[in-house]
Structures are given as C-alpha cells and as structure tokens.
Amino acid sequence: MKAVPASGRIPWRGLLCTLAVLVAFGLLLATCTAVTHSGRTAGPVPSGTASASASDAAIRLDLRRYYTQDPRWRPCPERSFQCASLRVPRDYAHPEAGDIALSAIRRPATGRGAARIGALQINPGGPGLSAVDDLLAYADSYSPSLRAAYDLVAVDPRGVGHSTPVECGATGLPGAGTRGTRGTPPSDEAAVIDTWAAYHAEVAADCARRAGRLLPHVGTLDAARDMDVVRAVLGEDRLHFLGFSYGTYLGATYAELFPSRVGRVVLDGAVDPAMDGYHAYLNQARGYQIAWESFAADCAGRGHCPVGRSVEEAGRTLDALVAALDRAPFRQGKDDRLDGEALLGAVVTALRAPDWETLRSLLGGVRAGDTTVLREIVGSEDDAPGDESMTAVNCLSSALESRSTPAQTLAALPEFRRASPQFGAFYNEDLSTCAHWPARPTQLPRRVSAHGAGPILVLGTTRDPATPYDQARALADQLSSGRLLTWDGDGHTAYQRGSRCVDTAVDDYLLHGLLPPTGAVCR
C-alpha cells in the first residue's frame, strides 16, 4: 500500500540500504540544535520496582507458561547479536487455541554491573516493518553510552517479518492513469476511486483466503501484550521502550494496558490514539502539503530550482509533471511504467526522509525526461516488505484504518484537496483500504492516559509529514505523565536525525531518567 497514517520512520532508513547516496544527503541536511530552556527535570525515573514484579504474580494461570518460558538465545550470524524464538498465544482470550512464534534478537550491553540498566525494546514503526532487520542494520547508530547501559532488543511483532507473518500473495497495484489530478473531470475521479476500491477488495479477499485464521489476532492490542511477555522473559521488572511512528501507538497502548510496568519510554513521531482513521489520512495529506511547501520555499531560494521560484509555482509544476506522466507514463520494457502515482510516491518518500537534494534531482530529472532517480526510489519501495502486514495491523484499529465506500471516498475528495492541493487526491484514494477487510477492528479511537505510569517522553517534529506535529502534542497532553520535546525541523521523527539537542535529551532520559524541561524546543 502506498500510504498509511502511521507510516514508519525506518522504511526510509531501510530504503537507504539500497540508496547509499540518499543516506549521505539525509544526514547532511540535519542540523545540530539547542534546547531553548536550560537544565533537566530532576528526579530520575526508576528503572525497576518490586511492585511491577508483584503484578507479574497476578498473571492468569493459562498465560504463565508464556511469561516463564526460557528461550534459547544463540549467536546470530552477525556475531555481536543473539537470536531467539519466543512463543505467544495466537488468541490471548483462548490460549489453548495455539501459539505463534515471535522472532527476537538482542545485542548485549557492553557495560557491566552498575553501568547496565536493563533491556531496551525498540520498534521502528510501520506497521509491517521488521524490527529485527532494523536493529541489525542500525545498532551502531546508538550512542556508546546507550549501548553500554542497555541490551538492545528487537522483536518482530506478530504478523510481521520473521515472526509468524501475514502472507497473502502478491497483488499488483492499479496501473498508470488511475490517479486523479486536480484537473480530472468528476466522472474520471469516480473511476479512479472505483479502481482503488476494487484493488483494496481484491487484497482483502486474498488475505481472507490465505491468512484468515491469523488476521483477527495481529492488532496493536495483542502486539502490546506480546511486549509484556518479552519484558518478563528478559527478566525485566519494567519495560524500557523506544518507539518510532507506529511504534508510538504500540508504546502508548502498552502503557494504557500495563501502567505499573512502564519504565523509561520514548515515543518519537507520535500517533494520536484518539484520532479516527479518516482524519488520520486527512491529517497526513495536510502534513505532506506543509512538508512540500517547506521544501519548495527552500528550493526557490536556491539557484536552478527545478520547480520554480515560488511555492505557488512549485505546486503548479508538480501538478503538471504528475498530469503529464498520467497521460504518457515513462516505459521500460513490457510491464515497467512510471506514472503520476509513482512520482507522487517518490516525492512523499523524499519528503519523509527528508532528502531535499535528492528531491531536487528527482524533479529535475523528470522534467528533463531522465527517470534514473525516480526508478531508484520506486524500485526501493517495491523491494520493501510489509504491505500486507501493514494493512492487516491497520485494519484492526479504528485509529489507523478507514472503511469508506467509493461514494463516501468521492464525497470526501473536496475536503482532502482543500487540505492538500498536491497530495489530497493521493491520500483520499486509500480511504477504502479496509472496507472489505475480513477482520473487524479490535481497538477504537480513544484518549489514553496511562494513569499511574512513570514519565513518558514524547517527541514531535514541527514539519513531520507522516505523523504531523499536532499528533505529538495531543498524545503528550493525553498521557497523565507525558512530557513533550519539540524539534523545529523537517522530516519524519526526530531522534538520530542529526540534532545533538534532541539526541542528548533522549539519551539523558534513557540513561539517567532526566526529562527535558516543560516546553523545551530544539531548533
């Protein structure tokens, strides 16, 4: 699927494995910043308490075998990591119905004794992204102090990656010319929406046939319960957690379910659990519009900007390029064609990174008839796994999914276009994603308070396109112990994006339990 309200930070990091040049550009664009208030909140957050252990004693008898399992950690092919397979019930309400497997890895802390705090579970977002693969690729990016204090742990959530996966079979996306541009007549807009609705229905039917027994049990509620099993298996009284994008929804869900077991939790690129799926898509379209206009303003101030000398001209240029590709897609071979949909998807990917230099190269190339950068980005997206898992997880949460009919989707199109002239139609098409999904939602939009939990650090980026900043503010406000750290910046998520200010604040909290002051902003 091309879009999801909780699109992860790491898909772009994963894509960069095959586009090394984009890594360099992305890192160079990030700037070091400084907190606008000095000092840190005193009073370290405890790393573990007896009360959490006491609560483990109250675990249902039919679940205790999962909490007390002793996995055989063995060396991974990557020598510095250990691998294991854990068992969890497919259905927590009926554990006798059978188990599923979770794939886990850990990189043991380099520190010993008092220097070691515990285990830090890390989720990169998505949903549908492999936390295992992400940690294998990026463990060295965490600071030496963090790696000394924590075992870094990654577990692929149920239905995802190397854990028992949702596998439905490949289904081709709608072809060239299916995307509606601003100039498309209303009759054609309806045809576009019908085409996407038919595609979503085909995916749903395919998943029902191939993975029907698993589909009702891959939601965020069950994944959060799995996290608690992992916590206990690792011998931890409390959960220490670092979640990005969708991982913030997973972490907030855990905190609401198990507030007494919350340790040091960081939620970066936050999802608002109280927002319904319709408004999440609308919010994301608006977020990408803001990101595009930020890029366009920067580009206009440079020489040789490929989209013009103003934000308005840049919007018109992008619309024209998309419309031209819809009329006459780039072709290479019998089945390879790149249309306006592909171009918008590539722009979205570059804005999320953010990688403005590559975005300029992409747009300049397309204007000149050169598809090199476009093909690189589209090819990387095609190679990225997790689409079926993403849909399966999203469709079980009303905060992430939408079940609009074609008529409702068409009726919503004007609102989407007002919110985002360049990306509104692009995101409107996904409103029917879950309309035919065979499993009903298990989690409704609702505010979370996690009453009784220790302090939770929420990070928000002011021009984050994938999880716009107002969602981070909303989550921090909902959590009874939430503390918001703002990064005045571009791109999706904040930690490890090049801001020394952000990275220091997160590490101070995870290592010492020291929160940034209320209202802190990294610029």
Side-chain angles (χ1 to χ4, degrees), residues 8-10 12-13 16 23-41 44-45 47 107 109-111 115 117-118 120-125 131 134-135 137-154 240-245 247-248 251 263-270 352-355 455-464 466-467 469 472 476 482-523:
R9 171 179 83 149
I10 311 300
W12 183 243
R13 288 176 63 182
L16 294 180
V23 172
F25 287 139
L27 294 178
L28 287 172
L29 283 169
T31 57
C32 289
T33 55
V35 172
T36 58
H37 304 271
S38 61
R40 293 285 186 269
T41 299
V45 179
S47 59
R107 187 171 186 177
T110 58
I117 294 174
L120 179 67
Q121 291 191 47
I122 302 171
N123 183 276
D134 180 78
L135 185 59
Y138 297 104
D140 286 339
S141 69
Y142 296 99
S143 69
S145 297
L146 201 69
R147 285 183 276 128
Y150 286 100
D151 296 341
L152 302 182
V153 177
H240 304 306
F241 180 71
L242 174 58
F244 301 94
S245 194
T248 68
R264 296 172 186 173
V265 170
V266 177
L267 307 178
D268 183 6
R352 187 169 65 239
D355 191 342
I456 295 174
L457 180 59
V458 179
L459 274 60
T461 302
T462 55
R463 291 175 296 283
D464 187 325
T467 51
Y469 177 66
R483 176 67 57 85
L484 176 65
L485 173 64
T486 297
W487 182 29
D488 185 1
D490 297 275
H492 186 34
T493 71
Y495 185 51
Q496 296 186 327
R497 287 297 193 181
S499 169
R500 181 177 298 176
C501 165
V502 171
D503 293 353
T504 299
V506 172
D507 284 358
D508 279 354
Y509 169 67
L510 288 174
L511 293 170
H512 309 297
L514 301 176
L515 288 164
T518 301
V521 179
C522 289
R523 302 193 184 280

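Please read these numbers as outputs of a predicted model, since none were measured by experiment. Starting from 1, each residue takes its place in the sequence as its number.
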When you measure from the side chain of [X] to the backbone of [Y], do you find a donor-acceptor pair of N or O atoms at a distance under 3.5 Å?
X	Y	result
S141	Y138	yes
Y150	L510	yes
R264	L511	yes
N123	G243	no
Y469	W487	no
T461	D464	no
T248	F244	no
R463	G491	no

Minimum-distance pair of heavy atoms, taken over all atoms of [X] and [Y]:
X	Y	value
T493	G269	CG2-CA, 4.2 Å
G247	L267	O-CD2, 4.4 Å
A520	P516	CB-CB, 4.1 Å
C522	S499	CB-OG, 4.2 Å
A270	V458	CB-CG1, 3.9 Å

Student check: side-chain heavy atoms of [X] and [Y] closer than 4.5 Å:
X	Y	result
H240	I117	yes
I122	V153	no
T486	T462	yes
V265	F241	yes
L120	L146	yes

Let me confirm one number: the [atom1]-[atom2] distance from [X] to [Y], rounded to the nearest 0.5 Å.
X	Y	atom1	atom2	value
L459	L484	CG	CG	8.0 Å
Q121	D151	CD	CG	11.0 Å
T504	L514	OG1	CG	12.5 Å
R352	T467	CZ	OG1	10.5 Å

Sequence neighbours excluded, which residues qualify as side chain to side chain contact (heavy atoms under 4.5 Å, CB included) partners of T110? A148
Using side-chain contact (heavy atoms from CB on, under 4.5 Å), reason through Y495 and L242 one step at a time and then give a plain yes or no. CA-CA 10 Å; Y495 185 51; L242 174 58; 3.9 Å; yes
Applying salt bridge (charged side-chain N to carboxylate O under 4.0 Å, His left out) to R500 and D507, what does each step give before you reach the verdict? CA-CA 10 Å; R500 181 177 298 176; D507 284 358; over 6 Å; no
Contacts of type salt bridge (charged side-chain N to carboxylate O under 4.0 Å, His left out), residue R147, not counting sequence neighbours: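 Partners of R147 by the salt bridge (charged side-chain N to carboxylate O under 4.0 Å, His left out) criterion come out as none, since no residue qualifies.
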With a 4.0 Å cut-off on N to O distance, would you call R497 and D268 a salt bridge?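 Result for this pair is no, no salt bridge flagged.
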Classify the side-chain pair Y142/D503 by whether it contains a donor and acceptor separated by less than 3.5 Å.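 Judged by distance alone, the side chains do not pair up.
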